[in-house]
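Just so you know, these numbers use all the heavy atoms, side chains as well, and skip hydrogens, waters and symmetry mates. In the text below, chain A, chain B and the rest are named by the order of the sequence lines, each starting its count at 1.
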Protein chains: 2
Amino acid sequence: MVTIADVARHAGVAPSTVSYVLTGKRSISPQTRTKVRESIRLLGYHPHAGARALATSRANVVALVLPLRPGVHLPVVMRFVTAAVTTARRHDMDVLLVTADQGAQGLRRVAGSAQVDGFLVMDVELDDDRVPLLRQMAQPSVLIGRPAAVKGLTCVDLDFESAGARCVDHLADLGHRYIGFLGAPSVVYQRNTGYAQRTMAGFGAAAMRRGIASTALPAEDDYESVLASVRSLLRTQPAMTALVVHNEAALGWVAGSLRALGRRVPDDVAVVAICPDELAEQMQLTSVQLPAEELGRQAMELLVARLNGHPTAPLTLLPPKLAGRASTAPRLRRA
Amino acid sequence: MVTIADVARHAGVAPSTVSYVLTGKRSISPQTRTKVRESIRLLGYHPHAGARALATSRANVVALVLPLRPGVHLPVVMRFVTAAVTTARRHDMDVLLVTADQGAQGLRRVAGSAQVDGFLVMDVELDDDRVPLLRQMAQPSVLIGRPAAVKGLTCVDLDFESAGARCVDHLADLGHRYIGFLGAPSVVYQRNTGYAQRTMAGFGAAAMRRGIASTALPAEDDYESVLASVRSLLRTQPAMTALVVHNEAALGWVAGSLRALGRRVPDDVAVVAICPDELAEQMQLTSVQLPAEELGRQAMELLVARLNGHPTAPLTLLPPKLAGRASTAPRLRRA
DNA sequence: TAAAGTTGTCGAAACGCTTCAATTCGGAGG
DNA sequence: CCTCCGAATTGAAGCGTTTCGACAACTTTA
């Protein structure tokens, strides 16, 4: 391994000088700087990460805590991940993968050994057992998602309540009066997952506010279940003319199910999805965007800010944006 | 931070003794051992990862190089990831996430700074520009996938050629004589991706061998394209009674497309998928399993073996396994 | 009983980097 | 001409581990 001493010798300067060239923490004459840079290039020198971490007590690594349990939609997770990694790299940080199944235990281990400078935790539940630990840890953390109490934390999330409401408003404005809601798989609700519950709540409240009849049902992620759920919704509420879907995995089967039950989209039943934009685009669905990339990016930016000692708001909510597409149309008034 | 010196002081021994208790590299009397262990527990001591890496020149971290480009099916990728991470943890290693878009550049950086002890590279192309670099790097690497030349490497892959052939054999045994092949999105083939091409090759060769007429077409991952591809296949080969699908994203729409074109599964057209077992199970498709977990696990095991100085075979091919389900049936002989 | 192991423990030297205090060296100010 | 100052550079002391050689205290063996 080529060390800083090798570079120093090659350039005819002291190791400390090389270090200062690298970090820019002291002024160095242009001649020396170029000379050192040249030696670095020639020798192919890379600072030893461990040594640096030891000397600076900064690892330049953040932990990304990934959910890998039933009900989470993996492609969406990957969107978060790429955005987070890209953003981290922009700040010269690397990303250590920690799976949620390692639990609080895993966080403690990684934090204790100073392997990482901070944590980005995804898929936080309303009442998450990792939250107390995160609060008291030396390293800062940012949560994607929103536990019951955000005091002392830094959380980023889509405003799912508004998202649910936004769907209702859009449909209500188009004249729909009976709306169904197709939610995430039931395990997600059982797990007390904030985003799912809040979307439902926002949806329900908005419906009440606008005097609209609403029915909600979870949906598992296979065709049969989706079909069953849709059939059930239609049976419960025969006048239903619109459907809000908050379930990426079910999305592909909704149109088919409706068709199988003799309903056309959007003429008989309008559909609004809450999902990443690309998915909606691909299926030509009116949708409230789930800005996974934006969330991942913002979360990482906030984490970096905290690492640099800047204070951050406990809760950042991104406003939902609705994109109109072919799956919604004004309600047809029949004779 | 609580250091090894703190523990030593607390236990009334030398720091080196604590180290030996931790690593077990020298015999320690039971009394001392328990005394030290107790102090460690009490003080909540965790060895500093950087310091350890510096002293041992081992980071106990492996890099996982993830593909995040169009055409890769993210849920499958995540399966690899979880298996790899779980296996790594079993060997007391952590996983650093490197996205493929960081390219050879990123590999060099991570390797040069001694952040990781080895590399697990996913989604390797037939002619991958990272391969030469991997060959000459100090750290060992294991590839999931199979470049053109495997000499000097360690590769793990499903035997896609046999997988393609296996589908043909299954269908031929059932009496089918005209078989279609629905492949990955065309970008995947353009990129010279080994697994896609090899599956096709195996499929084609087996069809020739068994005197079966075959037609192949790529499929993009939206309903319209799948429908178009299927229609095109049926037009090209009107007598087609079976379809092999090697495209996870298209899978959900194949049955629908066939139905839309007036064909029933499996009576008119039998379908065999090449995909993870759970997906096939869920859709009740006869399939050749894509053992993502198994591949991820094996790859990591091989990497650990190499890290411990054990030699490994350049290529490990997992044999394909076919699981019969409701989507295939003997060909109906019509009058 | 002396020599030759064993076993358990310790002290000190690495590992490769950063950073503080000290030093040198021109040039500006008196 | 001497002093003082700022800019550029250096030497050495850490950062928290591991590990090697040394050593004391026993236990065998001769």
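Using a 4.0 Å heavy-atom cutoff across all strands shown, A/Thr32 reaches sugar-phosphate atoms only and no base atom.
The existence of a salt bridge linking B/Lys35 and B/Glu38 is excluded, since no basic side-chain nitrogen approaches an acidic carboxylate oxygen closer than 4.0 Å. Between A/Arg297 and A/Glu294 there is a salt bridge, since at least one side-chain N of the basic residue sits less than 4.0 Å from a carboxylate O of the acidic one.
Nearest to the side-chain atoms of B/His48 among the listed nucleotides D/dG16, D/dA7, C/dT9 stands D/dG16. Distance from the side chain of A/Ala14 is smallest to D/dG11 among D/dT18, D/dG11, C/dC10.
Taking atom NZ on A/Lys35 and atom C1' on D/dT9, their separation rounds to 11 Å, with Å as the unit. The distance between atom CE of A/Met1 and atom C1' of C/dG16, rounded to the nearest whole Å, is 8 Å. Across the protein-nucleic acid pair, A/Ile28 atom CD1 and D/dG6 atom C1' stand 15 Å apart, rounded to whole Å. What separates CZ of B/Arg33 from C1' of C/dT9 is a distance of 14 Å, to the nearest Å. Between the CZ atom of B/Arg58 and the C1' atom of C/dG16 there is a distance of 19 Å, given to the nearest Å. Rounded to an integer number of Å, the gap from CZ of A/Arg52 to P of C/dT19 is 9 Å. Here C/dG16 presents its P atom at 11 Å from CZ of A/Arg9, a figure rounded to the nearest Å. Nucleotide D/dG11 holds its C1' atom 14 Å from the CD1 atom of A/Ile4, rounded to whole Å.
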Under the criterion side chain to side chain contact (heavy atoms under 4.5 Å, CB included), I'd like the reasoning laid out for A/Val150 against A/Arg146: C-alpha separation, chi angles, the key distance, then a yes or no.
CA-CA 7 Å; A/Val150 296; A/Arg146 185 178 166 191; 4.2 Å; yes
B/Val65 and B/Phe119: side chain to side chain contact (heavy atoms under 4.5 Å, CB included), yes or no, with the steps?
CA-CA 7 Å; B/Val65 186; B/Phe119 290 85; 4.2 Å; yes
Stepwise side chain to side chain contact (heavy atoms under 4.5 Å, CB included) check, A/Val142 with A/Val156
CA-CA 7 Å; A/Val142 171; A/Val156 186; 3.9 Å; yes
Any chance you could list the contact pattern along nucleotides 19-24 of chain D? Use B for base contacts, S for sugar-phosphate-only contacts and - for none, protein heavy atoms under 4.0 Å, 5' to 3'.
BBBB--
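No donor-acceptor distance shorter than 3.5 angstrom exists from the side chain of A/Ser19 to the backbone of A/Pro15, with no hydrogens or angles considered.
Heavy-atom distances to DNA chain C give each of B/Leu54 and B/Val13 a nearest nucleotide, and the one nearer the 5′ end belongs to B/Val13.
Scored by the salt bridge (charged side-chain N to carboxylate O under 4.0 Å, His left out) test, B/Arg89 finds B/Asp94 as partners (sequence neighbours excluded).
Here B/Ser29 does not reach the OP1 or OP2 of C/dG8: none of its side-chain N or O atoms lies under 4.0 Å away.
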